[in-house]
Amino acid sequence: HAYILGHIFPEYQDHFEGVASEMAFSRETRGVHYPSDSEAGKGFARQFVHELMKGRKFRTDLESMKKEIVQVRAAHQLTKK
């Protein structure tokens, strides 16, 4: 989710990746994942999104979603806080 949300909100990419890392670390500290599981999941996610972005339909849908979000933000005067 962090990588896809980063395409929609590039200004928050670091935040999304940070939250994902915190979630992964939480699972490690609870003993349900090893650090290598988290690294493998991160690598898989990056490759998966890269493959998704190759698809014209996916990119078109993603762009439509981004436009809709921009419109809602503007209509409700949402800020980038």
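Values below: every heavy atom of this structure, side chains too, minus hydrogens, waters and symmetry copies. One-based numbering along the sequence shown. Everything quoted here is computed from the prediction, not taken from an experiment.
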Would one find more than 12 heavy atoms of other residues, nucleotides or ligands at under 6.0 Å from atom [atom1] of [X]?
X   : atom1 : answer
M23 : CE    : no
F48 : CZ    : no
F9  : CZ    : yes

According to a 4.5 Å side-chain heavy-atom criterion applied to Ile, Leu, Val, Met, Phe, Trp and Tyr, with indirect links allowed, do M65 and V70 form part of one hydrophobic cluster? no
Can you hop from V19 to F44 via hydrophobic side chains spaced under 4.5 Å? no
Side-chain heavy-atom pair S38, R27 within 4.5 angstrom cut-off: no
Got R56 and T60 here, is their nearest side-chain heavy-atom distance under 4.5 Å? yes
Rounded to the nearest 0.5 Å, the CG atom of L52 sits from the NZ atom of K57 at a distance of 12.5 Å
Lys/Arg-Asp/Glu bridge criterion (N-O < 4.0 Å) met for R46, E39: no
Closest heavy-atom contact between K42 and Y3? CG-OH, 3.3 Å
Please find the pair of heavy atoms, one from I4 and one from F58, that lie closest to each other, and give the distance. CD1-CZ, 4.0 Å
Given salt bridge (Lys or Arg N to Asp or Glu O under 4.0 Å), test E63 with K66 step by step and report yes or no. CA-CA 5 Å; E63 192 58 36; K66 185 175 182 175; 5.2 Å; no
Among side-chain atoms of E51 and Q47, is any donor-acceptor pair under 3.5 angstrom? no
In sequence, state the C-alpha distance, the side-chain angles, and the governing distance for L62 and M53, and then conclude on side-chain contact (heavy atoms from CB on, under 4.5 Å). CA-CA 9 Å; L62 188 65; M53 295 302 284; 3.9 Å; yes
Which word best sums up how the rings of Y12 and H15 line up, parallel for under 30°, tilted for 30 to 60°, or perpendicular for over 60°? perpendicular
Using side-chain contact (heavy atoms from CB on, under 4.5 Å), reason through Q13 and H7 one step at a time and then give a plain yes or no. CA-CA 8 Å; Q13 179 69 46; H7 283 283; 5.9 Å; no
